[in-house]
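First comes the structure, then the notes that go with it.
What you see below is based on every heavy atom in this structure, not just the backbone, and it leaves out hydrogens, waters and symmetry mates. We name chains A, B, ... by the order of the sequence lines, and we start the count at 1 in each one.
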Amino acid sequence: MTDANPETQAVPSNFLREIIAEDVRIKKYGDAVIQTRFPPEPNGYLHIGHAKAICIDFGLADEFGGKTNLRFDDTNPEKEEQEYVDSIMEDVRWLGFDWERLCYASDYFPQLYEWALQLVKAGKAYVDDLSADEIRQHRGTLTEPGKDSPYRNRSVEENLDLFTRMKQGEFPDGSRVLRARIDMASPNLNMRDPVMYRILHASHQRTCDQWCIYPMYDYAHGQSDSLERVTHSMCTLEFTDHQPLYRWYIEQLGIFPTQQIEFDRLNITYTMLSKRKLLQLVQERRVNGWDDPRMPTLCGIRRRGFTPEAIRTFVAASGVSRTNGFTDIEMLEHFQRDDLNHRARRAMAVLRPLKLVIDNYPAGQEEFVEVANNPEDSSAGTRQVPFSGTIYIEQDDFREVPPPKYYRLSPGKEVRLRNAYFVTAQSVVKDEAGNIVEVHCTYDPASRGGNSPDGRKVKSTMHWVSAAHAISAEIRLYGNLFAKADPYDLAENQDVLDNLNPNSVEILTSAKLEPSLANAKLEDRYQFERVGYFCLDPDSTPGSLVFNRTLALKDSWAKLEKKTGA
RNA sequence: UGGGCGAUCGUCUAAUGGUAGGACAAUGCCCUUUGGAGGCAUUUGUCCAGGUUCGAAUCCUGGUCGCCCAGCCA
């Protein structure tokens with residue numbers, strides 16, 4: 001590897017880029033620019049798997065100076081809604097992309113109908129009166145060829161008449177379909193006279209009641225690509241078997257030959273990316289809506305505090321190929337932490353408070369200590385944080401009987417309160433049940449700011465919040481939505497939703513935060529020092545704040561503890 | 001079992017007949033006013049068996065394993 005460019009070194013090339021680069025090099029499309037499209041069906045919210053497709057469709061076109069259309073694949077009025085159209089546009093923009101043209105497959109319904117007529121006239125399509133059930137039976141199986149429908153050899157005149165009347169609404173739903181006449185014995189099931197049009201007396205979200213016949217995906221997609229002069233139509237692997245049909249329609253019609261190229265879907269451990277199942281989670285209220293911070297939807301992870309930059313970096317780093325694997329969710333988390341580490345303002349927040357009383361701190365005194373807003377970024381400045389003789393520390397940060405390698409507070413041990421003073425634990429106060437409710441300590445006034453003039457070292461630095469100045473907040477901690485790395489690792493008779501993690505959210509109601517957090521805005525990103533990355537949740541009201549934990553900080557002590565404890 | 005697609009560290013991904021490399025994870029050390037971050041180092045890999053070749057992850061043959069397809073969904 002002699003590539004000196006760090007960008008291209010960090011993100012290796014892939015087969016899609018190479019195909020496009022070659023097509024550009026040989027001027028396969030003459031002077032036309034590279035044209036791609038992102039073609040979601042508006043039947044659900046976009047998720048992180050779509051983010052990969054978006055980055056590929058928009059990103060690759062961008063790279064070669066091309067253009068990308070956003071096209072809604074709205075050929076099934078029974079499942080599609082305007083709500084989804086709106087959310088998809090919002091999510092694509094949020095991810096950082098903008099489209100050249102906003103298109104709808106439904107815009108092409110008239111053209112598609114004309115082309116269907118053309119195929120009928122050419123003897124390449126026919127109206128079939130078989131029921132859905134009968135069509136299935138005639139289709140054959142994976143190992144046996146199909147059988148011709150008795151209606152397969154109708155005259156062109158009769159087909160024309162019937163198809164026209166289908167369009168005019170003379171027949172009930174399901175009574176007839178228009179099929180392509182290809183080959184009922186093809187080893188590729190998609191070529192066994194696929195249905196082109198079905199009768200659906202359903203109101204479409206855009207064309208309303210203009211149509212009662214709707215084209216199937218296969219009959220609409222390739223031609224839509226062609227009409228938009230899409231040069232490279234990237235889609236996921238499960239459409240590989242559709243490619244012969246995709247090309248068949250284009251060839252029969254003699255229209256612009258878009259090339260379809262398939263790539264692998266994104267799979268992430270502990271994550272399920274099935275639109276149908278995600279919808280079920282929402283409908284059955286197993287989660288609190290599409291934007292529940294545990295959801296892998298773009299609106300969900302956005303609410304959770306993930307950033308578009310990190311998602312794009314993750315997608316680029318996880319690569320694209322034609323194998324189907326599982327990417328570790330740790331990789332996503334790594335790139336998100338890395339992004340937030342550089343940009344998130346630091347603050348101090350105690351999630352599970354334990355009162356610490358400084359016995360030798362002058363009664364009634366309070367003062368402000370100066371704290372860096374982001375040690376990774378000096379331009380973020382500093383702020384003043386109030387300190388006093390009674391503060392809260394994390395319950396985890398005190399142990400009456402410290403285990404080996406425990407560096408935090410314990411009786412007789414001295415630690416640093418971040419940016420404030422050294423303190424030494426002296427005694428504990430317990431309730432009747434024996435729980436520690438208060439720790440008493442002494443401080444060294446000479447260590448103000450967090451350093452002792454005598455050069456004394458401490459093993460640990462802890463975050464804190466002054467009790468008198470603290471604000472309260474609800475904190476929501478999120479874990480993986482699924483308990484298994486592969487949610488589809490199922491026992492007999494199990495459903496994927498049986499693998500839901502029962503403890504995917506934990507709500508803390510007694511957290512104490514430094515007062516500056518009262519001014520937090522929805523788009524702000526914070527690192528609560530030593531704890532994790534957090535953002536304000538829209539459920540917040542001025543008097544009662546709610547923070548979501550985007551991700552915990554890596555915790556090598558927790559790891560050590562787990563290892564030695566186990 | 002018909003057809004299609006695929007198989008490289010634990011995971012994801014490069015190497016396009018010429019030194020198997022990177023990222024994540026893991027491990028150890030250093031550093032640290034976040035047990036965070038950072039730095040350094042280390043471990044682990046070409047599905048199997050043959051063949052072609054001076055030389056094979058790459059080409060050929062045969063296996064094995066995995067994924068997709070029998071919607072009037074996309």
Side-chain angles (χ1 to χ4, degrees), chain A residues 1 9-14 18 39-41 43 73 75-76 78-80 128 130-132 135-137 139-146 173-179 186-192 194-200 214 216-218 220-221 235-244 262 264 267 269 275-276 314 317-335 337-338 341-342 346 348 372 375-376 405-408 416-420 449-451 458-463 485 527-532 552-561:
Chain A
M1 272 218 191
Q9 221 168 27
V11 180
S13 191
N14 61 58
E18 283 173 15
E41 182 189 12
N43 67 344
D73 228 330
T75 56
N76 184 358
E78 294 184 322
K79 291 184 177 170
E80 297 152 6
D128 196 342
L130 254 27
S131 68
I135 286 182
R136 177 157 38 77
Q137 283 158 14
R139 189 156 28 229
T141 67
L142 294 178
T143 52
E144 304 156 24
D173 287 5
S175 58
R176 285 175 231 264
V177 291
L178 182 73
R179 301 178 71 177
S186 171
N188 182 344
L189 268 42
N190 295 118
M191 300 299 272
R192 320 244 263 227
V195 172
M196 294 164 61
Y197 274 94
R198 73 279 215 188
I199 301 173
L200 235 43
Y214 291 94
M216 298 289 291
Y217 163 84
D218 284 307
H221 199 87
C235 63
T236 43
L237 250 20
E238 68 271 24
F239 291 101
T240 306
D241 287 343
H242 293 244
Q243 198 175 144
E262 310 85 13
D264 62 335
N267 293 304
T269 55
K275 266 170 139 182
R276 204 183 109 250
F314 162 71
S318 56
V320 55
S321 68
R322 291 177 67 89
T323 63
N324 21 36
F326 265 99
T327 299
D328 259 315
I329 195 168
E330 304 254 20
M331 202 187 286
L332 205 211
E333 295 177 347
H334 164 79
F335 288 108
R337 284 194 187 96
D338 188 51
N341 178 46
H342 294 291
R346 310 295 135 122
M348 289 195 286
E376 299 286 324
K405 299 267 179 78
Y406 184 84
Y407 300 151
R408 282 111 95 148
R416 171 166 44 233
L417 295 177
R418 184 145 163 88
N419 294 106
N451 274 313
V458 290
K459 286 286 263 184
S460 183
T461 299
M462 298 172 9
H463 60 103
Q527 184 199 97
F528 291 175
E529 291 204 62
R530 300 209 308 136
V531 180
L553 244 30
K554 285 201 178 182
D555 188 344
S556 56
W557 163 245
K559 192 186 285 183
L560 212 190
E561 199 181 21

| said: For A:K79, is there an ion pair with A:E41 - N to carboxylate O distance below 4.0 angstrom? | reply: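 No, this pair does not count.
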
Let me know, please, whether A:R322 or A:T143 comes out on the 5' side of the other along RNA chain B by nearest nucleotide.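 Counting from the 5' end, the first nearest nucleotide belongs to A:T143.
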
Can you work out whether A:S318 or A:D73 has the more 5'-proximal nearest nucleotide on RNA chain B?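 So the residue in question is A:S318.
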
Whole-Å distance between [N] [atom2] and [X] [atom1]?
X	N	atom1	atom2	answer
A:L417	B:rU34	CG	P	13 Å
A:M331	B:rC9	CE	C1'	13 Å
A:E330	B:rA26	CD	P	6 Å
A:F314	B:rC24	CZ	P	13 Å
A:M191	B:rG4	CE	P	13 Å

My understanding is that only residues two or more places apart in sequence, or in another chain, count here; which of them pass side-chain contact (heavy atoms from CB on, under 4.5 Å) with [X]?
X	value
A:E78	A:N76, A:L200, A:A202
A:L560	A:K405, A:W557, A:T564
A:P244	A:N188, A:M191

Check your understanding: Can you tell me how far the CD atom of A:E376 sits from the NE2 atom of A:H342, to the nearest 0.5 Å?
Key ->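 A:E376 atom CD to A:H342 atom NE2 measures 6.0 Å (nearest 0.5 Å).
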
Exercise for review: Kindly indicate whether the side chain of A:P194, heavy atoms from C-beta on, has any atom under 4.5 Å from the side chain of A:M216.
Suggested key: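 Not touching, per the 4.5 Å side-chain cut-off.
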
| Aromatic rings A:F239 and A:Y217: how do their planes relate, parallel, tilted or perpendicular, breaks at 30° and 60°? |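 Rings of A:F239 and A:Y217: tilted, as their planes differ by 30° to 60°.
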
What nucleic acid atoms does [X] come within less than 4.0 Å of, heavy atoms only: base, sugar-phosphate, or nothing?
X	answer
A:V320	sugar-phosphate
A:R416	base
A:Q243	nothing
A:E529	base

RNA chain B in dot-bracket form (Watson-Crick or G-U pairs under 3.5 Å, [ ] crossing, | inter-strand) is .((((((..((((....[..)))).(((((.......)))))....(((((..]....))))))))))).....

Nucleotide by nucleotide, nucleotides 66-73 of chain B touches protein heavy atoms under 4.0 Å in the pattern (B base, S sugar-phosphate only, - none) -SBBBSBS

Reading nucleotides 35-43 of chain B from 5' to 3' and marking B where a protein heavy atom lies under 4.0 Å of the base, S where only the sugar-phosphate is that close, and - otherwise, the string is BBS------

Exercise. Which one, B:rU16, B:rU13, B:rC5, comes nearest to the side chain of A:T240?
Worked result: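 So the side chain of A:T240 is nearest to B:rC5.
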
Does the side chain of A:T323 get closer than 4.0 angstrom to OP1 or OP2 of B:rU13 through an N or O atom?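 Indeed, a polar side-chain atom of A:T323 lies that close.
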
